[in-house]
Novice: 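Sharing a structure here in structure tokens format.
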Amino acid sequence: MAQESTPPPVTPPPPPSLEQAPPSPAMVKDIGDLPPAPAPEPAEEAESPGAKGKELQGPTLPPPPEGEQKDSRSSSLAAMMEKEESVSSPQPPPEEKTEVTEKSAATKEEVVAVAVADTGKEKQVQENKVPQTLVSFKEESNLVSDLSDIERKALEELKQLVHEALNTHQFSTASPKKEERQSVIITQEAQTTQETSKTEASASESDVSTEIKPPAETHESKVEETPEKKSQEVAKEEQKAVSSPEEITIWGIPLLKDDRSDVVLLKFLRARDFKVRDAFVMIKNTIQWRRDFKIDELVDEDLGDDLEKVVFMHGYDREGHPVCYNVYGEFQNKELYQKTFSDEEKRLKFLRWRIQFLERSIRKLDFSPSGISTVFQVNDLKNSPGPGKRELRLATKQALLLLQDNYPEFVAKQVFINVPWWYLAFYTMISPFMTQRTKSKFVFAGPSKSAETLFKLVKYVSPEQVPIQYGGLSVDFCDCNPEFTIADPATEMTVKPATKQIVEIIIYEKCFIVWELRVVGWEVSYSAEFVPDSKDAYTIIITKPTKMTPTNEPVVSNSFKVGELGKILLTVDNSTSKKKKLLYRFKINPFSD
């Protein structure tokens with residue numbers, strides 16, 4: 001016989017203050033996120049080769065998260081993906097071409113840093129085993145007073161480099177480079193010399209006398225004055241440029257204008273292990289890429305809403321980070337898949353949409369030193385396309401390369417739910433090459449039919465902030481629930497095996513009470529009744545004991561008009577051998593006769 005467990009009476013909580021509730025998010029989705037990348041050919045919220053930590057950033061098969069740092073021996077995640085793909089192919093993998101640019105010289109993985117393993121060491125691959133994170137990632141403070149002496153010194157040095165670059169217009173491509181100007185002057189002088197020689201030769205042929213006629217002298221002097229004037233003009237332009245520093249913004253934050261700029265610079269420093277020169281090069285490359293990609297114009301473009309269910313922002317985690325959901329199962333829709341990835345033009349449009357979503361989401365973050373400037377990322381791999389989808393892999397790799405290099409340190413935690421066996425096997429193979437920092441941001445919940453999937457998410461995000469489809473009480477962003485909002489707190493309880501849990505709500509006045517209740521996975525009996533305080537009154541059955549199965553509606557909503565003092569009893573009878581997660585919340589609206 002089930003044991004009864006009756007908690008202390010629950011008194012109605014005061015209505016939540018709007019000031020205390022977190023503002024409802026408009027986003028979501030990047031740092032790229034960043035969304036994860038496909039297994040055999042993966043992109044990172046946790047991290048990738050150009051930056052650590054992210055992303056943002058785009059929905060394609062789940063890779064390790066965006067933006068993670070790697071050491072000097074690390075290779076890019078994209079390279080790892082190519083290597084993984086070559087393992088299944090009889091042909092040897094082609095050698096990677098390395099661009100001799102400043103960008104490649106300082107490349108780091110923002111989501112997954114892949115370190116070069118010692119040759120000869122064998123790693124055992126344990127399939128179908130959920131990876132366990134031994135050390136949980138702890139975000140560093142952005143307050144200058146909390147930085148170590150080395151970090152503070154690196155920040156000051158980077159600010160000095162950025163200051164000099166702004167004063168000399170190093171970030172701008174509009175004005176010609178000094179070397180280019182000099183070459184123009186030299187070319188003009190050479191042309192002038194050639195013209196002068198031709199003039200002298202023609203003069204000597206037409207006149208027996210070697211005397212140079214006045215008109216020729218005048219022409220010569222004019223030609224000689226031309227390069228001098230050019231040099232003076234160039235010098236004036238340079239002096240003017242130095243006197244008026246250029247203004248550069250990244251993610252909507254102007255560089256060196258206020259303390260928000262420190263937070264931006266710290267992201268690049270952490271992506272490069274506080275190597276100042278490498279961080280500066282990364283900033284220059286990011287600014288150039290943003291200019292080439294026309295990011296500021298892209299933010300305001302209308303790219304449609306076909307992918308709004310693939311990547312979206314919904315609620316906040318328990319520490320206040322906006323939560324981004326990447327739902328890869330949506331690409332099982334063949335029409336959506338073809339419309340998104342069938343050719344290069346469509347993949348480019350998808351990439352632009354993903355970057356736009358990430359940019360819009362990032363600009364809603366708080367870049368003040370004490371604010372929250374990172375995202376909590378949830379990657380739902382249920383029914384996600386497998387590693388055989390070539391178009392998806394291509395789009396993922398392309399997104400990963402951009403996100404890892406241009407959106408560092410935007411992922412606070414990367415949670416993977418409904419993880420299929422093939423992704424666990426893939427992760428097991430590449431995890432030895434990841435940095436501890438990257439792995440500390442990962443949380444896995446699987447297999448897909450396990451209630452652990454929902455428990456993991458509720459552990460980091462409050463039930464009222466979690467969408468119903470993921471085990472919470474928050475309605476889908478496109479549904480309407482007039483009774484409860486994301487700001488109304490919920491209570492969590494654990495129902496032990498073979499026990500009966502009773503939620504008691506004391507009623508002190510005549511009122512109209514509404515409540516929501518769910519047991520994750522159900523397989524329990526549920527009932528509700530009102531017990532008046534008066535000894536002569538009868539108990540009123542609101543809901544008869546009903547066996548709830550996983551196929552029932554995930555959330556039970558009910559209401560009752562109370563005309564006398566008493567208590568509402570919500571009973572959950574768990575006759576199974578498994579513990580259950582009970583979630584509920586209620587509102588009381590007084591009324592008078």
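Values in this document were obtained by computation on a predicted structure and should not be read as measured data.
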Novice: Provide the closest heavy-atom pair for R347 versus F341 in the form atom of the first, atom of the second, distance.
Specialist: NH1-O, 2.9 Å

Novice: Between K334 and E391, does the salt bridge (charged side-chain N to carboxylate O under 4.0 Å, His left out) criterion hold? Intermediate values first, please.
Specialist: CA-CA 13 Å; K334 294 183 178 180; E391 300 85 1; over 6 Å; no

Novice: Would you call the rings of Y325 and H314 parallel, tilted or perpendicular, taking 30° and 60° as the class edges?
Specialist: perpendicular

Novice: For K153, give me all partners under salt bridge (charged side-chain N to carboxylate O under 4.0 Å, His left out), at least two apart in sequence or on another chain.
Specialist: none

Novice: Calculate, to the nearest 0.5 Å, the distance between atoms CG and OG belonging to N326 and S384 respectively.
Specialist: 11.5 Å

Novice: Can you label the angle between the Y337 ring and the F331 ring as parallel, tilted or perpendicular, going by 30° and 60°?
Specialist: perpendicular

Novice: Evaluate the side-chain proximity of L365 to P322: yes if any heavy-atom separation is below 4.5 Å, no if none is.
Specialist: yes

Novice: Kindly say whether F367 contributes a backbone atom to a donor-acceptor pair with the side chain of S373 at under 3.5 angstrom?
Specialist: no

Novice: Quick check for you: to the nearest 0.5 Å, what is the distance between I253 atom CD1 and I362 atom CD1?
Specialist: 10.5 Å

Novice: State the OG1-CG distance between T396 and L400, to the nearest 0.5 angstrom.
Specialist: 8.5 Å

Novice: Ignoring hydrogens, what is the shortest heavy-atom contact between P385 and Q332? Give both atom names and the distance.
Specialist: N-NE2, 4.0 Å

Novice: Which value, rounded to the nearest 0.5 Å, describes the distance between L303 atom CG and I355 atom CD1?
Specialist: 11.5 Å

Novice: Could you please spell out the steps behind the salt bridge (charged side-chain N to carboxylate O under 4.0 Å, His left out) verdict for D258 and R260?
Specialist: CA-CA 5 Å; D258 52 43; R260 294 178 302 167; 3.1 Å; yes

Novice: Restricting to non-hydrogen atoms, name the atom on I248 and the atom on R291 that form the minimum distance, rounded to 0.1 Å.
Specialist: CD1-NH2, 4.0 Å

Novice: Backbone N or O of L143 within a donor-acceptor pair of the S141 side chain at under 3.5 Å?
Specialist: yes

Novice: Other residues, nucleotides and ligands only: do more than 12 of their heavy atoms fall within 6.0 Å of CD on E247?
Specialist: no

Novice: Just one of R272, K441, K267 clears the salt bridge (Lys or Arg N to Asp or Glu O under 4.0 Å) bar with E409, so which one?
Specialist: K441

Novice: Distance check, rounded to the nearest 0.5 Å: E139 atom CD versus H321 atom NE2?
Specialist: 3.5 Å

Novice: Quick one, E344 and Q398 - any side-chain contact, counting heavy atoms below 4.5 Å?
Specialist: yes

Novice: Would you call H163 and P245 a side-chain contact if the rule is heavy atoms closer than 4.5 Å?
Specialist: no

Novice: Which label fits Y460 and F376: parallel for a plane angle under 30°, tilted from 30 to 60°, or perpendicular past 60°?
Specialist: tilted

Novice: E319 and T374: side chain to side chain contact (heavy atoms under 4.5 Å, CB included), yes or no, with the steps?
Specialist: CA-CA 11 Å; E319 295 180 355; T374 53; over 6 Å; no

Novice: S368 side chain to G371 main-chain N or O, any donor-acceptor pair under 3.5 Å?
Specialist: yes

Novice: Considering non-hydrogen atoms only, spot the tightest contact between V375 and C324 and give its length.
Specialist: CG1-CB, 3.7 Å

Novice: Applying side chain to side chain contact (heavy atoms under 4.5 Å, CB included), run through N418 and N383 and close with a yes or a no.
Specialist: CA-CA 9 Å; N418 297 313; N383 297 324; over 6 Å; no

Novice: Should we say atom CD of E164 is surrounded by more than 12 heavy atoms from elsewhere, each under 6.0 Å from it?
Specialist: yes

Novice: Heavy atoms only: give me the nearest D405-L401 pair and the separation to one decimal.
Specialist: OD2-O, 3.1 Å

Novice: Suppose we screen for side chain to side chain contact (heavy atoms under 4.5 Å, CB included). Which residues come up paired with E151, at least two apart in sequence or across chains?
Specialist: L147, S148, F274

Novice: Heavy-atom distance under 4.5 Å between the side chains of V281 and D278, does that happen here?
Specialist: no

Novice: Is it the case that the side chain of D305 and the backbone of E308 share a donor-acceptor pair, with hydrogens and angles ignored and the cut-off at 3.5 Å?
Specialist: no

Novice: Does the S342 side chain pair with the main chain of K339, one donor and one acceptor, at a distance under 3.5 Å?
Specialist: no

Novice: With distance as the sole criterion, is a donor-acceptor pair present between the side chains of Q160 and E156 under 3.5 Å?
Specialist: no

Novice: Side chain to side chain contact (heavy atoms under 4.5 Å, CB included) between L307 and L336: does it pass, once the steps are laid out?
Specialist: CA-CA 8 Å; L307 301 173; L336 177 62; 3.8 Å; yes

Novice: Let me see the working for V311 and W353 under side chain to side chain contact (heavy atoms under 4.5 Å, CB included), right down to the final yes or no.
Specialist: CA-CA 10 Å; V311 182; W353 177 86; 3.9 Å; yes

Novice: What's the separation between atom CD in E359 and atom CG in N406, rounded to the nearest 0.5 Å?
Specialist: 9.5 Å

Novice: A side-chain contact here means heavy atoms from C-beta on lying under 4.5 Å apart; do D146 and E140 qualify?
Specialist: no

Novice: Restricting to non-hydrogen atoms, name the atom on P254 and the atom on S261 that form the minimum distance, rounded to 0.1 Å.
Specialist: O-CB, 3.9 Å

Novice: Do V327 and Y470 have side-chain heavy atoms sitting under 4.5 Å apart?
Specialist: yes

Novice: When you look at R363 and D296, which way does the salt bridge (charged side-chain N to carboxylate O under 4.0 Å, His left out) test go after all the steps?
Specialist: CA-CA 11 Å; R363 297 187 183 208; D296 292 332; 3.1 Å; yes

Novice: Is there a side-chain contact between I250 and I283 in this structure, where contact means two heavy atoms from C-beta onward sitting under 4.5 Å apart?
Specialist: yes

Novice: Any donor-acceptor pair under 3.5 Å linking the side chain of Q356 with the backbone of E301?
Specialist: yes

Novice: Heavy atoms, side chains only, cut-off 4.5 Å: are F268 and T286 in contact?
Specialist: yes

